[in-house]
Participant: 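Here it is, the structure, as structure tokens.
In what follows, chains carry the letters A, B, and so on, assigned in the order in which the sequence lines appear, proteins first and then strands, with residues in each chain numbered from 1.
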Number of protein chains: 2
Amino acid sequence: MDLRKLRYFKVVADEKHIGRAAKVLHISQPPLTRQIQQLEEELGVTLFSRNPKGMELTDAGVLLREEVRNIFSLIEQATERTQKAGQGRLGRMDIAIFGSGIMGDIPKMLLFFKERYPEVNIVLHTMGKGEQIKALRQKRISVGFNRLLAPLADISSELVSMEKLRLAISTKHPMASQDHIPFEKIREFPLVMYPTAGRPNFIDKTIRLCQLAGFTPDISQEVGDAVTGVALVASGFGACLVPESATVLSIPGVVYKPLSDEPDEAEVDLSCIYRNDDESPLLKAFLETLKEFRTIKDNRSLDELC
Amino acid sequence: MDLRKLRYFKVVADEKHIGRAAKVLHISQPPLTRQIQQLEEELGVTLFSRNPKGMELTDAGVLLREEVRNIFSLIEQATERTQKAGQGRLGRMDIAIFGSGIMGDIPKMLLFFKERYPEVNIVLHTMGKGEQIKALRQKRISVGFNRLLAPLADISSELVSMEKLRLAISTKHPMASQDHIPFEKIREFPLVMYPTAGRPNFIDKTIRLCQLAGFTPDISQEVGDAVTGVALVASGFGACLVPESATVLSIPGVVYKPLSDEPDEAEVDLSCIYRNDDESPLLKAFLETLKEFRTIKDNRSLDELC
DNA sequence: ATTTATTAATACCTTAAAAGTATTGAGATG
DNA sequence: CATCTCAATACTTTTAAGGTATTAATAAAT
């Protein structure tokens, strides 16, 4: 079977006239006659009854015409969908986020992507840093969101945003009424820190920052994630350093205080990671959209400053 | 787009190896490479990632493979259905029957056909003789069942069966107790006759038969069909000549009596009619099945005689 | 009844494209 | 570093699709 024959058949069926059909197809009449004959021979079926004034479809021909319509529409659909997939506009994308990643820029970015690529099905997985890297290597995910990533040979990363830090303290603490807290006052708080897994992590970062500021922090408790940390602060466990985005999490008894006089690097990154060798157009589209997202975000913050 | 390319693509996708795929396809490797390249070029999509140990489908390739499966199964289905239609094993057949045709051999024959051609959709239309011929010429029907057909240039007929006649009389009539009624006794009954339309008809036939037997029948009433005629007999309107098959219609107050000493032609035909120029394989199949039905019927009656 | 016009079919030739052979180039493996 | 295994390329042969000219069949017109 040959699509050319089916295409020719369709035109002849529409025109009921080999000569006219040949004109429509921009070929001469004899080859068209032959193609139709071959199609009939191949199927072992008479598709047209030849009248002196043209050709008429037989019942079998009428049926085939219907089927041919379906075949062509299916082929058209297949090429369209394949092309979309090739441009990263169609498919499934498995993305990992970390526990408190549901707050802040990640959902905004994902929504932004979803608007531009509505036919890409995003599947979210929650996993820690080490697990994300493993899942990337096993191709179970294409992208992971995380912070404080150590460079790796087979994995690249792309910055999403930098976030300032805030100090979560109890509303009952004397400093709860202050506008901001000088960085070096952190030494006075017993600190709840996270996460326990995935080096280098936020704990390492904090210790380094404190040492830059000339003191060693008093780590009273280590927990798995920001939410747990803030919850402990609410119960009177001291203070907890969190990225700005985590302050959307409002818990009774806790206030988030901006810091002052902090060291220059008192910021954490939010980045996304992906395999170096991943040539998938989906990933390409995702990273491009990410860059676009970042510039729009920058412009917006500029706008807000004006 | 070209089915050859899709077929080749499918095999390469299965084998993940151009060389092996070429062997499966019984062609050499270079043309296969070219066909795949052309397919990718045509779609503007990379379908395979080339590794040193073979080829791996990209996401777009995976999607195309699925679509290609559907395309091929649709094409297969289309050819099968078209071939069936070409052999008269699939399609729709419009058949006309007359009023009392629902009794006797017609339903038996139709059931017989339906068993042999389960995918042919039979649509029944009830119409009289003249209307059937008109509908045949307008191609609204392919076959009509009727009796006593005058030959026509553009319409052929094929005998289904011959039927003896019986006399429907009231159970109250003195002759109701007799085993059979001599033909010439019909002169003593007022006759209810049918049908009023479509010459030559059963009325003309009956009059001729009576004249052969040496008398003129006493026609008391003309009605449209056998059912009405027998109903009138039940109400005391005299007698009514009916074909054997109509005796399945049992109405209180009526008995059907066989005739004796009747003229040789005291039988009516049941025939089916069709257009001379109808080359449809459905009709061919129908007529063949009809002949088969007739021989089986004959054999069965022989069997019953033994 | 003969001519003319219109249609699909046939015969024969040309062109395009698919398949074959031989070879190259790239990347892995020992 | 040689070797092996792939896919890719260069070039030739074969196949099949397309073109031109003509024929055969049938209906319409004279």
Participant: Encode nucleotides 16-30 of chain C as B, S and - characters from 5' to 3', where the letter depends on protein heavy atoms closer than 4.0 Å: B to the base, S only to sugar-phosphate, - to neither.
Facilitator: --SBBBB----SS--

Participant: Ignoring hydrogens and geometry beyond distance, is a side-chain donor-acceptor pair present between B/Gln29 and B/Thr33 at under 3.5 Å?
Facilitator: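 Yes, side-chain donor-acceptor contact under 3.5 Å.
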
Participant: Are the charged groups of B/Lys23 and B/Glu15 less than 4.0 angstrom apart, N to O?
Facilitator: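 Not counted as a salt bridge, because no side-chain N and carboxylate O are separated by less than 4.0 Å.
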
Participant: Quickly work out the A/Ile18 CD1 to C/dA9 C1' distance and round it to whole Å.
Facilitator: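 Distance, rounded to whole Å: 9 Å.
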
Participant: Start with the C-alpha distance between A/Arg4 and B/Asp2, add both sets of side-chain angles, then the distance that settles salt bridge (Lys or Arg N to Asp or Glu O under 4.0 Å), and finish with yes or no.
Facilitator: CA-CA 8 Å; A/Arg4 174 189 286 114; B/Asp2 173 6; over 6 Å; no

Participant: Please determine if B/Arg140 and B/Asp94 form a salt bridge, counting it only when a charged side-chain N lies under 4.0 Å from a carboxylate O.
Facilitator: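 Here B/Arg140 does not pair with B/Asp94 in a salt bridge, since their nearest N and O are not under 4.0 Å apart.
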
Participant: Closest heavy-atom contact between A/Ile141 and A/Arg275?
Facilitator: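 Result for this residue pair: O-NH1, 3.4 Å.
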
Participant: For A/Arg89, is there an ion pair with A/Glu288 - N to carboxylate O distance below 4.0 angstrom?
Facilitator: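 The answer is no: the pair does not qualify as a salt bridge.
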
Participant: Using a strict 4.0 Å threshold on nitrogen-to-oxygen distance, state whether B/Asp278 and B/Lys284 make a salt bridge.
Facilitator: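 No, B/Asp278 and B/Lys284 are not salt-bridged.
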
Participant: Earliest and latest nucleotide of DNA chain D, 5' to 3', sitting under 4.0 Å from a non-hydrogen atom of chain A?
Facilitator: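 It runs D/dA17 to D/dA27.
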
Participant: One thing to verify: whether A/Asp154 and A/Arg137 come together as a salt bridge, which I'm taking to mean a side-chain N less than 4.0 angstrom from a carboxylate O.
Facilitator: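 Salt bridge between A/Arg137 and A/Asp154, a charged N being under 4.0 Å from a carboxylate O: yes.
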
